Amino acid sequence: MSSQPKFPYDFIGGVLITQEQIEQRVDAIGKQISADYVNSEKLLLLGLLRGSVMFITDLMRKIQRPLTMDFMSVSSYAGNTTSGFVRIDSDHKTNIHGWDVILIDDIVDSGFTIHTVRKLLLERKPKSLKVCAMLDKVDRHKVEIGIDYLGFEIPDYFVVGYGLDIDEKGRNLPYIASVDMTKYKK
Ligand code: IMP
Ligand code: MG
């Protein structure tokens, strides 16, 4: 029997979403995307670095369509506060004109990131553009955005794991956990 891995983070509050729950949900989203894009020959998964990496690599294995993958890096976040300003740090390489693009992020908080990146991508004339996010803090949205494929809605906790970080820590947890801010030291 394998023992549970122990991760060296002492700021974990509790496990919010287990590894099994994630696997089931990713599988279901993959099936849905496979069905929705059955006629697409130019499907691009466009992930936002770095938080979406674990999600996108799991998800792509569940999508039974020809596809390619690309990434963008944007920043809108310092520690645990969000501003409405979103900066493009590095752009995608693919010319997305005529492609069916699925923009993939780890979590939607205020919604500014998805809102801003979506607007920019639309100017580049993809054939279609949909949004996929692993997590959504619905109560925190400050702009209206549509999420076409969603993993889970969560309450207003700061979470880490499955790619998500707090100051770059916690990304390697295979589940999603809340951060206990009283235990967190920078
Ligand atoms: P938004 O632009 O406010 O929607 O922020 C989205 C970005 O903030 C995400 O891509 C994450 O990088 C980051 N973020 C928001 N909430 C959390 C969280 O609870 N844990 C880790 N990162 C978060
Ligand atoms: Mg992010």
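Counting convention: from 1, in listed order, for ligands and their atoms alike. Owing to the predicted nature of the structure, the values given are computational and were not obtained by experimental measurement.
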Quiz item: Do Lys62 and Lys31 touch side chain to side chain, with heavy atoms closer than 4.5 Å?
Solution: no
Quiz item: Can Val138 be reached from Leu135 by stepping across I, L, V, M, F, W or Y side chains whose heavy atoms are under 4.5 Å apart?
Solution: no
Quiz prompt | Asp27 bridged to Arg25 by N-O distance under 4.0 Å | solution = no
Quiz item: Should the heavy atoms of other residues, nucleotides or ligands under 6.0 Å from CD of Glu20 be counted, would the total exceed 12?
Solution: yes
Quiz item: Salt-bridged, Asp109 to Arg140, with N to O below 4.0 Å?
Solution: yes
Quiz item: Quick one: does Gly111 get a heavy atom under 4.0 Å from ligand 1?
Solution: yes
Quiz item: Which part of Leu164 is near ligand 1, with near meaning a heavy atom under 4.0 Å away: side chain, backbone, both or neither?
Solution: side chain
Self-check item: Side-chain ion pair, Glu41 and Arg65, N-O less than 4.0 Å
Solution: yes
Quiz item: What's the spacing between Ile114 CD1 and Lys119 NZ if we round to 0.5 Å?
Solution: 13.5 Å
Quiz item: Between Ile176, Ile107, Asp109, which one has a non-hydrogen atom sitting closest to atom 14 (N) of ligand 1?
Solution: Ile107
Quiz item: Relative to the heavy atoms of Asp106, which atoms of ligand 1 are at a distance of less than 4.0 Å?
Solution: 9 (C), 10 (O), 11 (C), 12 (O)
Exercise. Flag Phe158 as yes when one of its N or O atoms lies below 3.5 Å from any N or O atom of ligand 1, and as no otherwise.
Key: no
Quiz item: Counting only heavy atoms, which portion of Thr113 has something under 4.0 Å from ligand 1: side chain, backbone, both, or neither?
Solution: both
Quiz prompt | Those atoms of ligand 1 less than 4.0 Å from some heavy atom in Asp105 | solution = 10 (O)
Exercise. Using a strict 4.0 Å cut-off to heavy atoms of Lys137, name the atoms of ligand 1 that fall inside it.
Key: 16 (N), 17 (C), 18 (C), 19 (O)
Exercise. Go through ligand 1 atom by atom and flag the ones less than 4.0 Å from a non-hydrogen atom of Tyr157.
Key: 19 (O)
